[in-house]
Amino acid sequence: MSAPAILVVALPTPLRRLFDYLPPGYQPPGAAKDMFAQPAAAVDCHSLQPGVRIKVPFGRQELIGILIAVKGESEFPLEQLKPATEILDQSPVLTEDILELSQWASGYYHHPLGEVISTTLPTLLRQGQAPERQREQVWQATDKGRGELGALLKRAPKQQQALDLIKHQYLSSSQLAALDINRPILKGLQEKGLIEAIDRLEDNSQTLLAETPLTLNEEQQQALSAVEFDNYNSYLLRGATGSGKTEIYLQAIAKVLEQGKQALVLVPEIGLTPQTLGRFQHRFNAPIATLHSGLNDSERLQAWLAAQSGEASIVIGTRSAVFTPLPNLGVIIIDEEHDLSFKQQDGFRYSARDLAAIRAQKHHIPLLLGSATPSLETAHNCERQRFKLLELTQRAGNAKPPAIELQDIRRQALIEGFSQESLEQIRTELDAGNQALVFINRRGYAPTLMCHDCGWQAHCPNCDARLTVHQHPRHLHCHHCDYQCGMVDQCYSCLSSDLTAVGLGTERSEAALQDEFPDVPVIRVDRDTTRRKDAMQNIVDEVNKGEPCILVGTQMLAKGHHFPDVTLVVVLDADGGLFSADFRGPERMGQLLTQVAGRAGRAEKPGRVIIQSHLCDHPLLQTLLHDGYPDFAQQLMGERQIAHLPPYRYLALLRAEDKNAHQAMAFLTQARQLAEQIFPSSVSLQYLGPLPAPLEKRNERFRYQLQINAGQRQDLHRLLQPLIAQLDELPLGRKVRWSVDVDPQDMA
DNA sequence: AGCACGCCGACT
DNA sequence: GTCGGCGTGCTC
């Protein structure tokens, strides 16, 4: 009897190892023979392909894992191996390239392969569902419906409208319902024999008529022709809002589609707006699949399958879409590459931008990164000639960049945070029929509730943080753990009832502005007002009607949406970023200010930006305003080099948290000792900590971190690999919640 | 992470 | 006398 195939399986557990199994139905030789039992035929597994799903017994549970390899023998004694329960797939759901990418990511981010794989697969596949496309009923115009109808629909405009849509493309009833066309209208058309229902693959992709590409200006033309499509290169398209990055994406995609290949487009979490999608849909006569957080499990699976089968030519998605299987991938595009949402901030802490570069490299295809405010990492890669810089300096229609001025508010009387000057400027714009935008990066009414008599402040019981005062509805709220309670009317310490809201938030600015400008709508935009599904879109539509109004909100206003009728932007609290705990604070601030400035104005109506500041002389602010973002980034780069920080050095963070502060700290202290044994501290590898995290106590857990700073990537990994193996063995390692973050973006 | 086993406190 | 608290150990 030949030796059984040994199945090496990755399982969704945090254990950093793979598990060996026997083929399904295989009788372990040592097992007691039951001579009456029908010997189940052992499945021959020697030719199974890696990437298929396998159901296996695991402890007392049953899990679905992914076959990684088939081997001839196991390090484990055969009698300790269990037979797998079932092979779930004929062909791999995890294609070779995605499996390879997962393995690379597992090594680079030091995260268990089984969990990495879990994040790459749609939930329903993880749960064992078959990877099958579903069919749905769609409406199609009949020959009669396509013919000359005369006056048949003259008195049924709604039916006429529906028929026009259906003539252009197949649409399901639910898609039509979204366009405000309901069942009775469709029934009417069906009874007249103009449309019929047919079965078609379920699809969240859509095909519309293609439009002709715009003519590129010389600069755009140069940028596009610099892109080589038959081998790997990363390109940075650096250009302000309105400089035409999207048009280059579209034409690059067109070239790829001409070759019969697919394009993958990654956008920030809030970047997949109907406008963005609409622009792609109108340009290409090709199916587009979207993958974003708004999809349910089944929609997500269908989009994934459309991509994997090659049906979808273009996939647009957020971070996790970097793992979408695409059999003919021809280009990867990342819009707003500096955006934080490309880095996952918990669990498997990967950077979709960096993984996209790896993926492009393995496929020998170009990676296009676009941003007006590139991350220092990307800018540094351009300097070192690893990425090619393609600059777009012209603005469409000769629009001028907004004029930015710093307004010194030292010693100025402020009305709820606004200087007299700012209010006057807002009034001037409103009187001229224009719109104004007020940016304040803090939601709620005020960040603190304080006792005027004794100085007591309302604190979160679970976190090391003050509670934020909210007025709509009236309550106190912790933005770190979501603790909420009713408004406090009396000081806990001295029982005084003289409590004051201290500091500024969006709600307060909204109230102040409404008070000051009672005749003009004040529209607040923050997480609280845009929670509902279409809320943001409704606001954008309303504002873009062009009536005078004031927008007030958080960074949601700075990203994605453009408001052409806004001619004045007022930034209330720019100073915060200059002395934040995170060394990336100033970089973020510069990006945010540049982005928010980009919201204002258009060709025929130039915008202005006022930045209220107590630190007008700050050299970084001065550089940003007078010389622009690239010089600002250059200046930051110099500081990073001196401070031995990225992008000149490589960081990893070992985080630990526990309800018991001492335990979390003790774990990291042990970790540092072990680390020093593996790789003694030197210039090439330095340790910092363990130190308390910026918010030491969060959600009843105390958090600490050990920073590892290396001159060479390789050294970082040479340390981390054995270190993590030892930490897994540590008794404290099983009690304390700990994680590794390679290339951390947020130090919190 | 799950999940079970196991050994001590307050309830019907 | 049992229910249930979470400490500890294991998963091919």
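A quick note: this is a predicted structure, and the numbers were derived from the prediction, not measured. Sequence lines set the chain letters: A, B, ... in the order given, protein chains first and strands last, and positions in each chain run from 1.
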*For R734(A), answer base if it contacts any base atom (sugar-phosphate contacts may also be present), sugar-phosphate if it contacts only those atoms, and nothing otherwise; contact means non-hydrogen atoms under 4.0 Å.*
nothing
*Report the C-alpha distance between D97(A) and R359(A) in whole Å, list the side-chain angles of each, state the deciding distance to 0.1 Å, and finish with yes or no for salt bridge (Lys or Arg N to Asp or Glu O under 4.0 Å).*
CA-CA 8 Å; D97(A) 59 330; R359(A) 199 170 172 190; 3.7 Å; yes
_Measure CG/D728(A) against C1'/dC10(C) and give the value in whole Å, please._
14 Å
*Find the distance L732(A):CG to dG9(C):P and express it as a whole number of Å.*
13 Å
*If you measure only the distance, is there a donor-acceptor pair under 3.5 Å linking the side chains of T95(A) and Q308(A)?*
no
*Rounded to the nearest angstrom, tell me the gap between atom CG in D658(A) and atom P in dC6(C).*
14 Å
*Name the closest nucleotide to the R60(A) side chain, picking from dT11(C), dA1(B), dC3(B).*
dC3(B)
*Considering only dC12(C), dT8(C), dC3(B), which nucleotide approaches the side chain of K735(A) most closely?*
dT8(C)
*Atom-pair distance (CD on E729(A); P on dG9(C)), nearest Å*: 13 Å
*With sugar-phosphate meaning primed atoms plus P, OP1 and OP2, does L7(A) contact a base, only sugar-phosphate, or nothing at under 4.0 Å between heavy atoms?*
nothing
*Could you check how far CG of L15(A) sits from C1' of dA1(B), rounded to whole Å?*
8 Å
*Can you tell me how far P of dA1(B) sits from CZ of F58(A), to the nearest Å?*
13 Å
*asked:* Looking at D339(A) and R319(A), is any side-chain nitrogen of the basic one under 4.0 Å from a carboxylate oxygen of the acidic one?
replied: no
*asked:* Let's see if you can work this out: which of dA4(B), dC12(C), dA1(B) has an atom nearest to the side-chain heavy atoms of L81(A)?
replied: dC12(C)
_Counting the atoms with a prime plus P, OP1 and OP2 as sugar-phosphate, which does P57(A) contact under 4.0 Å by heavy atoms, base, sugar-phosphate, or nothing?_
sugar-phosphate
*Compare every heavy atom of L305(A) with every heavy atom of R133(A), then report the nearest pair and how far apart it is.*
CD-CB, 3.2 Å
_Counting the atoms with a prime plus P, OP1 and OP2 as sugar-phosphate, which does Y21(A) contact under 4.0 Å by heavy atoms, base, sugar-phosphate, or nothing?_
sugar-phosphate
*Could you check how far CD of Q61(A) sits from P of dA1(B), rounded to whole Å?*
13 Å
*So F323(A) and F348(A), would you call those rings parallel, tilted or perpendicular, with 30° and 60° as cut-offs?*
tilted
*To the nearest Å, give me how far apart CZ (R16(A)) and C1' (dA1(B)) are.*
13 Å
